[in-house]
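Step one of this worksheet: look at the structure below.
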Amino acid sequence: MSALAQGKVNLHLGVGDVRPDGYHDLVTVFQAVDLTERVTVTPVAPAPAGGASAAPDASVVEEVTVSGPDAHLVPRDASNLAVRAVDLLVRHWLTHGGVADVPRVAVHIDKGVPVAGGMAGGSADAAAALVATRELLRLVTPPADRDRAPDLDGEVLRTLGAELGADVPFCLLGGTALGTGRGEQLIPLMSRGTAHWALAFDSTGLSTAEVFARLDRLRADAATGVRPDVRAGDPHDLERALLTGDPAALAPTLVNDLQPAAVSMMPGLRRTLLAADEAGALAALVSGSGPTVAMLCRDHAHAVEVATTTAAAGHVGSTTVTASSPHGARLDRGGGWTAPGRVVPPQP
Ligand code: C5P
């Protein structure tokens with residue numbers, strides 16, 4: 001059972017104050033892009049004696065393998081979000097009356113989204129794993145039991161997804177959407193046309209939790225007059241620009257409150273943002289918590305030009321091009337995944 005899910009950029013990321021649960025209230029506009037994660041869940045051994053329900057807390061995942069760019073950076077243990085997603089859905093299913101013959105499984109992840117790059121690569125793995133595991137559970141349920149099998153509809157997947165990470169519900173939904181709460185409460189947004197992006201990846205990642213914590217510290221400094229405290233307003237202009245399908249109208253509406261925090265943790269991002277500007281991008285901003293820099297372009301050819309010029313400037317790990325995607329997480333019917341091409345700058 002294979003399923004696909006897309007990475008994302010945030011067109012607008014407004015961050016409120018930290019909440020008692022450690023999360024921040026967000027007003028964000030997510031856009032899925034055509035960088036794809038594929039998660040394959042394969043039965044490798046029969047259910048243990050007594051069925052999986054005999055040990056409901058034990059993982060059903062026997063092994064984890066990863067391929068694609070950045071594969072070596074992905075944890076293979078119980079902290080892997082795809083593994084957590086498989087086990088969370090299996091546990092939900094067992095505690096809601098699903099039949100107990102859940103086989104032990106191998107999980108394989110083909111990575112197309114950078115690791116710790118601010119593009120929801122791990123969340124996309126969780127979303128794809130939920131969709132693949134739902135199909136597995138449907139298939140292991142004998143036809144005679146299907147009527148009383150627990151309903152694993154989109155709402156159940158979204159609720160479980162939100163437990164795994166704030167971006168997982170968006171990775172299930174895809175397209176372009178307004179996110180509030182922690183980012184998990186979603187309203188799909190209308191948009192016209194396709195947005196074309198050049199992306200600059202760094203060779204190291206940033207921890208999302210640390211970038212949010214840095215923003216809190218910068219804001220505490222701002223309160224003492226040390227630094228400016230600029231917060232993104234409402235994304236009304238952005239929502240209107242999305243309806244025009246005109247990238248030149250979209251460009252001035254892009255904003256990310258996390259950008260100053262990401263830049264202060266990785267000062268080299270300033271040079272990448274400058275290089276994007278010099279390469280002629282319509283706009284450039286840090287994607288989510290970074291360090292990926294997303295550069296909005298007029299069309300595909302312009303994106304190739306900006307990606308190539310930015311890579312040649314030499315401050316980035318690699319660059320690639322992508323476009324907005326209408327897709328959420330879905331079963332892979334074959335032929336849906338290709339490794340993205342990347343431009344790697346010449347080594348000094
Ligand atoms: O939900 P996820 O595990 O992706 O979030 C990673 C971390 O990012 C959280 O533990 C939290 O520190 C931070 N975060 C936040 N507010 C959000 C989303 C994430 O503070 N809305």
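By convention here, the first residue in the shown sequence is residue 1. Every number for a ligand or one of its atoms is a count from 1 in the order of the listing. Because the structure is predicted, anything quoted here is derived from the model rather than measured.
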Query raised in the report: Any side-chain donor-acceptor pair under 3.5 Å between Asn10 and Thr28?
Result: yes

Query raised in the report: Which ligand 1 atoms are under 4.0 Å away from a heavy-atom of Leu26?
Result: 21 (N)

Query raised in the report: Are Leu26 and Thr180 side-chain neighbours, meaning at least one heavy-atom pair lies under 4.5 Å?
Result: no

**Report entry** Residue, atom name and distance, where the atom is the protein heavy atom closest to atom 13 (C) of ligand 1
**Finding:** Phe212 CD1, 3.4 Å

**Report entry** Pro252 and Leu282, any side-chain heavy atoms less than 4.5 Å apart
**Finding:** no

Query - Nearest non-hydrogen protein atom, atom 8 (O) of ligand 1 - result: Thr208 CG2, 3.3 Å

Requested in this report: Taking only heavy atoms of Gly165 into account, list the atoms of ligand 1 that are under 4.0 Å away from them.
Outcome: 1 (O)

Query - Protein contact to atom 20 (O) of ligand 1 [nearest heavy atom, distance to 0.1 Å] - result: His24 ND1, 2.7 Å

Query raised in the report: What protein heavy atom is closest to atom 18 (C) of ligand 1, reported as residue, atom name and distance in Å?
Result: Tyr23 CD2, 3.4 Å

Query raised in the report: Can you tell me if Ser79 and Arg84 form a side-chain donor-acceptor pair at under 3.5 Å?
Result: no

**Report entry** Closest protein heavy atom (residue, atom, distance) for atom 4 (O) of ligand 1
**Finding:** Ala166 N, 4.0 Å

**Report entry** Audit row: Asp25, Arg182, side-chain contact (heavy atoms from CB on, under 4.5 Å) steps and yes/no
**Finding:** CA-CA 5 Å; Asp25 275 317; Arg182 294 183 297 142; over 6 Å; no

Requested in this report: Not counting sequence neighbours, which residues clear side-chain hydrogen bond (donor to acceptor under 3.5 Å, both in side chains) with Asp17? List them please.
Outcome: Arg231

Report summary line: Per-atom filter on ligand 1: closer than 4.0 angstrom to a heavy atom of Gly22 are 20 (O)

